[in-house]
Amino acid sequence: MTSQSKAKELEAMAVKLRRHVIEMTCAAASGHPGGSLSAADIITVLYFFQLRYDAKNPAWPERDRFVMSKGHAAPILYAALAEAGFFPVSQLKTLRQTGSSLQGHVDMLSLPGIEMSTGSLGQGLSAANGMALANRLDKRESRVYCLLGDGECQEGQVWEAAMTAAHYKLDNLTAIVDHNKFQIDGPVERIKNLAPFPDKWRAFGWNVLACDGHKVPAIIEALGKAVKARGKPTVIIAETVKGKGVSFMEAKPLDYHGKAPTADEEKLALGELCRRGEKSS
Amino acid sequence: MSETKMIATRDAYGKVLAEIGRENPDVVVLDADLAVSTKTSVFAKEFPDRFFDLGVAEQDMIGTAAGLAAAGKIVFASTFAVFGSGRAWDQVRVSVAYTRLSVKIVVTHAGITTGEDGASHQANEDIAIMRALPNMTVVVPADAVETEKTIRAAVKYYGPMYVRLSRPKTPVLHPADYDFQIGKGEVMRPGSDLTIIACGTMVAPALEAAAALGQEGLKARVVNLHTIKPLDKELIVRCAGETGAIVTAEEHSIIGGLGGAVAEVVAENAPVPLIRVGLKDVFGESGKPEELLVKYGLTAREIGAAARAALERKK
Ligand SMILES: Cc1ncc(C[n+]2csc(CCOP(=O)(O)OP(=O)(O)O)c2C)c(N)n1
């Protein structure tokens with residue numbers, strides 16, 4: 001069990017990362033806040049609890065690897081990497097600027113700590129499989145994690161990769177779906193329904209877990225269970241809210257998929273997150 | 001004259017892949033349900049632990065290759081040319097080219113000599129779409145020896161690479177000790193009247209055409225431009241300057257492939273008459289490879305005719 005104080009600490013970090021997302025996208029006047037905020041708690045638990053890495057030696061061969069398959073959620077990953085010490089926090093405000101290392105979608109060659117370049121949806125899980133196969137070939141204990149969007153799961157390649165992971169029994173791989181129920185054109189359910197979603201993964205040979213994607217202890221518990229699973233890859237379907245933590249974004253998830261907050265909205269959002277931060281610390 | 005040996009470049013690939021598998025434990029091979037045809041089956045048999053068949057899922061294969069490469073492996077991923085280029089192009093673009101990972105996409109059954117399977121299986125556009133990708137190296141070996149050299153060079157070269165091989169048996173044009181270098185074209189026959197620049201299966205007909213032109217007193221230089229990218233610009237410009245006319249020959253569309261690449265360099269640096277021999281913006285069809293080559297104008301005769309036409313324009 002995680003101690004209450006550890007959970008509190010992680011919750012405070014999640015607020016911090018959310019603040020970065022708001023500030024970064026506002027400064028850039030572009031970017032994807034909605035899907036970054038829905039993933040904030042998952043990313044926080046991964047980078048400040050679950051993953052083994054060395055920010056001073058990003059190429060450490062024994063590290064766990066994380067693939068951000070929904071590459072448009074770059075801001076939340078950048079925020080975590082900066083807070084974890086891969087690069088200075090001051091760099092965050094250069095997001096999406098000409099010449100910046102913080103590309104609009106994640107690019108493994110421009111920043112330390114990024115394991116795979118993404119942005120064209122549906123490609124990350126295949127790459128994560130490759131990394132998991134390499135770990136097995138080299139007899140490394142390291143694990144591979146991959147975060148997918150729910151809309152992203154409409155891509156055929158996701159299911160090709162799902163078959164591959166099950167076929168090769170990649171139990172050193174954990175996929176997490178940020179199940180925030182919205183994509184660009186509308187609710188996922190209406191655009192092209194994924195249901196029965198857990199059954200699909202099960203039918204593809206996966207160990208399927210569910211958790212509240214905004215409850216730190218629940219995320220920790222699910223990730224822990226996934227590590228113990230044998231003979232199958234695990235997918236955690238994390239129930240999330242698009243824009244989580246900023247009420248006006250939660251209320252209009254379609255408006256804040258790929259649109260940055262204005263300066264006024266930033267103030268509002270940061271104020272809300274500030275109050276939330278005080279509660280959690 | 002001693003009889004020319006006939007070996008398919010894909011057979012040479014299978015053989016050398018097994019050899020490098022013995023020499024380098026980091027070599028991993030992937031296929032997408034065509035291992036018997038692409039000859040990766042030779043490697044698979046000897047190294048089952050380092051061979052992964054992804055099934056009929058080329059996009060997933062390319063992504064998996066990227067992941068293995070990101071974790072330090074030297075990855076060879078094979079399928080037919082149509083599928084390794086077109087079907088998985090966006091995966092090659094983002095997961096391999098953009099990341100500059102060491103994935104070697106070695107495809108077989110390129111061009112019209114794929115034959116009986118018909119247009120859906122004949123890749124005549126792959127050089128064009130692969131060379132348009134930043135960071136991508138594109139090599140089209142002319143024979144079995146050059147294939148072996150290319151694959152050995154690929155192991156030492158860090159980065160993405162597209163190697164285009166063929167289905168039928170083709171003449172072996174190089175001695176075993178041939179000195180191959182990625183990015184350096186090879187002058188196979190001297191000549192001062194014009195230059196025939198060819199790649200892959202069209203190198204042998206180019207040599208044949210040059211010999212026939214020689215009988216007429218025309219001195220055609222023949223260049224084997226195995227590397228389409230990075231292109232040996234210096235050699236192309238030198239040939240344009242020294243011979244004043246160029247014919248290109250490839251088993252690929254005249255749009256965007258070897259002919260397109262050479263034309264870009266010639267037009268910008270040393271404009272001279274230039275004629276491209278290749279598929280003229282059409283799909284192929286089913287048939288025997290040798291018959292299709294004749295029907296679609298990919299023969300020594302056709303290259304000879306283009307050479308005479310180019311010489312005519314030079315005057
Ligand atoms: C292959 C591809 N097609 C389209 C897009 C454009 N696009 C960016 S985000 C997105 C919607 C993704 O929805 P989801 O996976 O649910 O992301 P989230 O809601 O978590 O942000 C689309 C269609 C893309 N990036 N890649």
Side-chain angles (χ1 to χ4, degrees), chain A residues 58-67 69 71 103 105-110 114-140 142-146 155-170 172-173 204, chain B residues 21 24-33 43 47-77 79 83 87-105 133-135 158-160:
Chain A
W60 179 42
E62 302 298 319
R63 72 190 182 280
D64 292 330
R65 291 169 193 256
F66 171 72
V67 175
S69 192
Q103 291 296 295
H105 293 77
V106 294
D107 169 15
M108 64 182 279
L109 296 183
S110 62
I114 294 182
E115 302 288 356
M116 183 52 57
S117 304
T118 53
S120 179
L121 291 168
Q123 299 195 22
L125 189 57
S126 297
N129 285 343
M131 293 170 190
L133 286 169
N135 282 344
R136 182 181 289 173
L137 282 173
D138 291 342
K139 305 194 164 51
R140 278 191 296 261
S142 328
R143 292 188 65 81
V144 183
Y145 294 84
C146 178
E155 277 288 355
Q157 190 186 348
V158 170
W159 301 99
E160 293 182 5
M163 269 187 259
T164 299
H167 180 82
Y168 288 105
K169 303 185 169 57
L170 298 179
N172 55 352
L173 170 81
F204 274 74
Chain B
N24 192 329
D26 281 331
V27 169
V28 174
V29 178
L30 310 183
D31 207 302
D33 201 32
F43 181 96
F47 305 102
D49 295 344
R50 283 192 270 149
F51 174 81
F52 301 100
D53 202 320
L54 280 301
V56 196
E58 297 76 14
Q59 304 177 352
D60 183 42
M61 172 176 76
I62 295 298
T64 307
L68 279 155
K73 299 297 171 190
I74 300 164
V75 190
F76 286 83
T79 173
F83 310 130
R87 185 56 175 262
W89 191 78
D90 186 46
Q91 285 70 17
V92 174
R93 180 174 184 270
V94 177
S95 294
V96 176
Y98 187 42
T99 57
R100 225 184 287 138
L101 286 165
S102 212
V103 174
K104 321 296 173 187
I105 302 159
L133 292 172
N135 300 336
Y158 188 87

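Below, all heavy atoms of this structure are taken into account, side chains as well, without hydrogens, waters or symmetry copies. Letters go in sequence order (proteins before strands), and every chain restarts at 1.
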Q | Closest approach of A:L109 to B:Y98 (non-hydrogen atoms, all atoms of both residues) | A | CD1-O, 3.4 Å

Identify which part of [X] has an atom lying under 4.5 Å from any heavy atom of chain B, answering side chain, backbone, both or neither.
{"X": "A:R136", "value": "neither"}
{"X": "A:A128", "value": "neither"}
{"X": "A:L137", "value": "side chain"}

Q | Spacing of A:S120 atom OG and B:Q91 atom CD [to the nearest 0.5 Å] | A | 6.5 Å

Q.
Once rounded to the nearest 0.5 Å, what's the spacing between atom CE of A:M163 and atom CG of B:L54?
A. 11.0 Å

**Q.** Short side-chain to backbone donor-acceptor contact, B:Q59 and A:Q157, under 3.5 Å
**A.** no

**Q.** Region of B:L101 in contact with chain A, defined by heavy-atom distances below 4.5 Å
**A.** side chain

Q: Can you tell which part of B:V28 gets under 4.5 Å to a heavy atom of chain A, answering side chain, backbone, both or neither?
A: side chain

Review item, side-chain donor-acceptor pairs of residues 61-74 of chain B, under 3.5 Å, at least two apart:
| residue | atom | partner | partner atom | Å |
| --- | --- | --- | --- | --- |
| B:T64 | OG1 | B:D60 | O | 2.6 |
| B:K73 | NZ | A:D138 | OD1 | 2.6 |
| B:K73 | NZ | A:D138 | OD2 | 3.4 |
| B:K73 | NZ | B:D26 | OD1 | 3.4 |

(Q) Which residues pass the salt bridge (charged side-chain N to carboxylate O under 4.0 Å, His left out) test with A:R143, not counting sequence neighbours? (A) none

Q.
Within a 6.0 Å radius of atom CZ on B:R87, are there more than 12 heavy atoms belonging to other residues, nucleotides or ligands?
A. no

